[in-house]
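Reminder, nothing fancy here: chain letters follow the sequence lines and each chain counts from 1.
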Amino acid sequence: MEYNFSEIEKKWQDYWRDHEIYKVTEDKSKEKYYVLDMFPYPSGAGLHVGHPLGYIASDIVSRYKRLKGYNVLHPMGYDSFGLPTEQYAIQTGIHPAIATKENTDRYRKQLDQIGFSFDWSREIQTSDPNYYKWTQWIFKQLFNSCYCKLEDKALPISNLIDSFEKSGNLTSEAVSDDNTPKFTSEDWNNFSETEKEKILLNYRLAFLSDTWVNWCEGLGTVLANDEVKDGLSARGGFSVEQKLMKQWSLRITAYADRLISGLDRVDWSDSIKEIQKNWIGKSKGASVSFKLENSSDKIEVFTTRPDTIFGVNFMVLAPEHELVNIITTEEQKEEVENYVNVSKLKSERDRQADKSVSGVFTGAFSIHPFTGNKVQVWIGNYVIASYGTAAVMAVPCGDQRDWDFATHFGLDIINIFEGVDVSENANEEKNVTITNSDFLNGLSSKKAMNLAIYRMEEGGFGKGKINYRLRDAIFSRQRYWGEPFPIYYKGETAYLLEDDKQVTLPLVDKYLPTSTGEPPLARAKKEDWNVYEGDRMETNIMPGWAGSSWYFLRYMNPTNDGEFCAKEKSDYWGQVDLYIGGAEHAVGHLLYSRFWTKFLYDRGFISFDEPFKKMINQGMILGRSSFVYRIKDTNTFVSFDKIKDHKTTRLHVDIDFVDNDILNVEKFKNWRVEYSNAEFILNENAEYLCGHEVEKMSKSKYNVQTPDKLVEDFGADTLRLYEMFLGPLEQFKPWDVKGINGVHNFLRKFWRLVHDEENNFSVSEENPTKANYKTLHKTIKKVEEEIDRHSFNTVVSTFMICINEFTDQKCNNREIISDFTVLLSAYAPHISEEIWSKLGIDTSVTTANFPSFNSSYLVESEIHYPVSFNGKMRFKIPLSAELTKEEVEREVMNHEKTSHYLDGKSPKKVIVVPKRIVNIVM
RNA sequence: GCCUUGGUGGCGGAAUUGGUAGACGCGCUGGAUUCAAAAUCCAGUUCUUUCGGGAGUGUGGGUUCGAUUCCCACCCAAGGUACCA
């Protein structure tokens, strides 16, 4: 074989490893550059072809920056806590740590064979106690902090306690829960320890509170929305309902404003910034409280349109609103209860996606604060329990959802907009004049808002308020494979373990909830815990995003036993200069890690408050998923061509069990215990036909394809080039191996250019020609520009064009080939090292300098002017680049083809753009 | 539903600020080489055509000498939607 890629790649991977080529240390003489990939989760399915896409791009940038003289930090590790491994443990009884070890070993092998330039001496894993010790440490800092509005930063909770002792919380500027009671210093000093702790929870950045969750009685656990399909658990098909549970939360809302303003200081795509802004959802408006008729309770609402207050003639509460039980009248009780029970079974997303209008009157009335009119109180699904106050004041003339609700139930629509018709639709425009609204009559919407707020404050039933859509982040999970909390309880009061103490995950007999619905950690007996204090240990664990919210810091100082990361290290490496990863993390990981970074900055542990300076969001490589269809409430699966006759739930099935959309029934039955006695309704061919769809490649969708076979058949350099050649990094693209031959042939063509017929290395020692230089420098320029603007795919085309031209020029001059080899080395490092060493250079090509571009080789004396008629190009004429506009016009008008296309007509206008185009308008 | 992104030949895609639509590669067709095949090389390949030309970047409008690019409306697909990571 002329180009023996497997031999070459093995040789250089060994060389890199043995010579620690990619190990980096802090070096103040060089400018640093930190390139980071989003943390992979080491799934049992192995690395799929979508993962390397981003890693290849970041590897290219790392190698390129190194050639340009930077000190490049390019680490890799694993986000190794997570649900799939836990699920595997439940099914097999194998401890997740063991499965994780197997999975990371496999990942490492897969990563190594692609030839990445990672500094593996810095590897970290979130499930390693030496790592999660520091995740727990950060949690302790959050627990021990509150947010000061005055200084606009997090401060130690001890400061707050001091101020409570001196002056209570009457003038406190700390962020707290809305329902925090007011107290004086005297009150505070008289509170019991339990009472004090309870109050402090209202201020701590990590705190306990009641939150709504998807509770699945059948599985005895809380489910992710992802695990709920049509109101039933995806696994087992048990019913799921909304339930209030005590959970740890993080007060990310305290950072809402800074999470918005910080976006101005990072170089991210506008779309990601937009997504985050919309997610945080800052809105200005007013909070208004409506008194209830015959009750001392009040309904609090937030509105962005206080100017429309006179348009209110009913209110809608979420079915879960705490007042629903209290205010519902006897006559309405049955109807309301039925509605609440049905709603409970619907997830928040299902409710929002449901366009149909539904709701029930509670029979209760509130009093309009300005008019004193009676306002009907309804409940409805379109009001969300976990957002805002779970209640809205309905303005049917000004809000489409309210309009739909009113129309559906025959409620009045009061029009308060002057000269606007609201009989067909609500008017959501703000450039209107208010009418039919007492003291607001004749005012513009904007002025009316201010006045309405003023009058509300005056009347003591409302005030101006800034509201955020963002909610505090729920931080408890009722699972096993995650970070245990450094928390124990005395009675119902939570306490932190002392600073030097770390809880490690205790061993349990099963990775399932207890019979009473307690999380798996509750199975651990006292002696199973490495520390056990108070009455009981916290048995929830932290969510998957805990460990990934700060990992980029640990890479800077991965083995530090005394600190999460030494300040001098984080001061040297600083922010991540380039972060590559999926846009699907826009509102999860990317928001949480910004939050933690700001917190660590506030408390003085690091010197920057945004983690990722620049980010590129790689588009996903999409996979082709297969589906089976289970008939509702049964264990019978029906072939895709027959699903019309049944009510079915669609479930993903592993593509390994499917060939040409036909399911291998035996493999499927062996997949999971619950399917072992599954029954099947087959089609006419006695086969089970699966449905399919192109979607995200993901372990949870069982549609994963791995790169291993491609590396074996074509080599890592070909895979690297091919993944880049597929298209723009940011765009989504379905996976297809057609075309990989093209890039492989390119490498072979390069190889042949520098080898003779007997496969002996051979380059010419002659001086390069002008044409050789022109091709080379055109390529240098393009490669540099395209990498800088992250157009990785066009660089591959540029390489191809370059080698095609060299081949035509019969050019294999040593000088030219050397420079080209350096250019190529960021993309195809193995073949480049091989050629580099054959050129007689005994240091790695990674230590070479990027060739410098010389524009003098590219000067053109002649321009081929395209001549257009009415904007359509018809022919080209070669003209000197020196010609003026007028000269160009004269040359074009005198050209024989011009009269042909003019066809006897005279041109109305001739536009000449020098060195670009001529357009003749007829 | 809401937020975000995308839509260009048979396929992946290129066209950087409004200036030659389809670079580069796959596939396909024909040819050279070969006993034959693989590999390699050469030529062609958006559609249509009466061979003069005409049409063409999801659909319909608009701005402009000129629009894949800017504006408006719509259609379709994908991602996210707070416990997948």
By the definition side chain to side chain contact (heavy atoms under 4.5 Å, CB included), identify the one residue from A:Ile260, A:Leu591, A:Leu259 that meets it with A:Trp279. A:Leu591
Among [options], which nucleotide sits nearest the side chain of [X]?
X        : options             : result
A:Arg916 : B:U4, B:C24, B:G19  : B:G19
A:Asn278 : B:A85, B:U4, B:U20  : B:U4
A:Glu584 : B:A14, B:G80, B:C24 : B:G80
A:Val587 : B:A23, B:A82, B:G80 : B:G80
A:Ile917 : B:G79, B:U20, B:A82 : B:U20
A:Pro866 : B:G80, B:U20, B:A78 : B:U20
A:Lys876 : B:U20, B:A14, B:A85 : B:U20
A:Ile275 : B:A82, B:U4, B:U16  : B:U4
A:Gln731 : B:G6, B:A78, B:G25  : B:G6
A:Leu83  : B:C24, B:G13, B:A85 : B:A85

Taking any strand in view, what nucleotide pairs with [N] in a Watson-Crick or G-U wobble way, both distances under 3.5 Å?
N     : answer
B:G1  : B:U81
B:G18 : none
B:U50 : none
B:A43 : B:U29

If each of A:Pro40 and A:Gly742 is mapped to the nucleotide of RNA chain B with the nearest heavy atom, which maps nearer the 5' terminus, i.e. the 5' end? A:Gly742
For RNA chain B, whose closest nucleotide is more 5', that of A:Ser271 or that of A:Lys749? A:Ser271
Show the atom names and distances, to 0.1 Å, of all donor-acceptor pairs under 3.5 Å that link a side chain in residues 543-551 of chain A to residues at least two apart or in another chain.
unit_1	atom_1	unit_2	atom_2	d
A:Ser548	OG	A:Trp545	O	3.3
A:Ser549	OG	A:Trp545	O	2.6
A:Trp550	NE1	A:Tyr131	OH	3.3
A:Trp550	NE1	A:Thr135	OG1	3.0
A:Tyr551	OH	A:Asp37	O	3.2
A:Tyr551	OH	A:Phe39	N	3.2
A:Tyr551	OH	A:Tyr579	OH	2.6

In terms of the angle between their ring planes, are A:His895 and A:Phe875 parallel, tilted or perpendicular, with boundaries placed at 30° and 60°? parallel
Look at atom CG of A:Asp270 and say whether more than 12 heavy atoms of other residues, nucleotides or ligands are closer to it than 6.0 Å. no
Would you say A:Arg916 has more than 12 foreign heavy atoms packed within less than 6.0 Å of its CZ? no
Between [N] and [M], how far is it from one [atom1] atom to the other, in whole Å?
N     : M     : atom1 : result
B:C2  : B:C74 : P     : 11 Å
B:A77 : B:U16 : P     : 30 Å
B:U20 : B:U68 : P     : 10 Å
B:C11 : B:U81 : C1'   : 33 Å
B:G53 : B:U40 : P     : 38 Å
B:C47 : B:C35 : C1'   : 42 Å
B:A37 : B:U29 : P     : 15 Å
B:C26 : B:A14 : C1'   : 15 Å

Measure from the side-chain N and O atoms of [X] to the backbone N and O of [Y], and report whether any donor-acceptor pair falls under 3.5 Å.
X        : Y        : result
A:Thr126 : A:Ser80  : yes
A:Glu241 : A:Trp215 : no
A:Asn759 : A:Glu2   : yes

Rounded to whole Å, how long is the line connecting atom [atom1] of [X] with atom [atom2] of [N]?
X        : N     : atom1 : atom2 : result
A:Asn793 : B:A15 : CG    : P     : 7 Å
A:Asn759 : B:U40 : CG    : P     : 15 Å
A:Tyr722 : B:C26 : OH    : C1'   : 8 Å
A:His589 : B:U81 : NE2   : P     : 14 Å
A:Glu227 : B:U81 : CD    : P     : 13 Å
A:His585 : B:G80 : NE2   : P     : 9 Å
A:Leu591 : B:A85 : CG    : C1'   : 16 Å
A:Glu483 : B:A85 : CD    : P     : 11 Å

Sorted by chain and number, sequence neighbours left out, salt bridge (Lys or Arg N to Asp or Glu O under 4.0 Å) with A:Arg720 holds for A:Asp59
Results of side chain to side chain contact (heavy atoms under 4.5 Å, CB included) for A:Ile863 - residues two or more places apart only: A:Tyr865, A:Ala881, A:Lys915
Contact under 4.0 Å: [X] side-chain N or O vs [N] OP1/OP2:
X        : N     : value
A:Asn804 : B:G25 : yes
A:Asn225 : B:A82 : yes
A:Arg748 : B:A39 : no
A:Asn617 : B:U5  : no
A:Arg752 : B:C41 : yes

Checking one value: the base orientation of B:G56, syn if chi is within 90 degrees of 0, otherwise anti. anti
Is B:G52 in the syn range, within 90° of 0, or in the anti range? syn
Over all atoms of both residues, closest heavy-atom pair of A:Met76 and A:Pro40: SD-CD, 3.6 Å
Using distance alone, with no hydrogens and no angle criterion, decide if A:Glu227 and A:Gln87 have a side-chain donor and acceptor under 3.5 Å apart. no
Which atoms of nucleotides 63-66 of chain B (N or O only) lie under 3.5 Å from a protein N or O atom, and what are those distances?
unit_1	atom_1	unit_2	atom_2	d
B:C65	O2'	A:Asn919	ND2	3.4
B:C65	O2	A:Asn919	ND2	2.8

Qualifying residues under side chain to side chain donor-acceptor pair (under 3.5 Å), relative to A:Asp399, sequence neighbours excluded: A:Arg401
Nucleotides 46-54 of chain B: which of its N/O atoms have a protein N/O under 3.5 Å away?
unit_1	atom_1	unit_2	atom_2	d
B:G53	OP1	A:His900	NE2	3.4
B:G54	OP2	A:Arg874	NH1	3.4
B:G54	OP2	A:Arg874	NH2	3.3

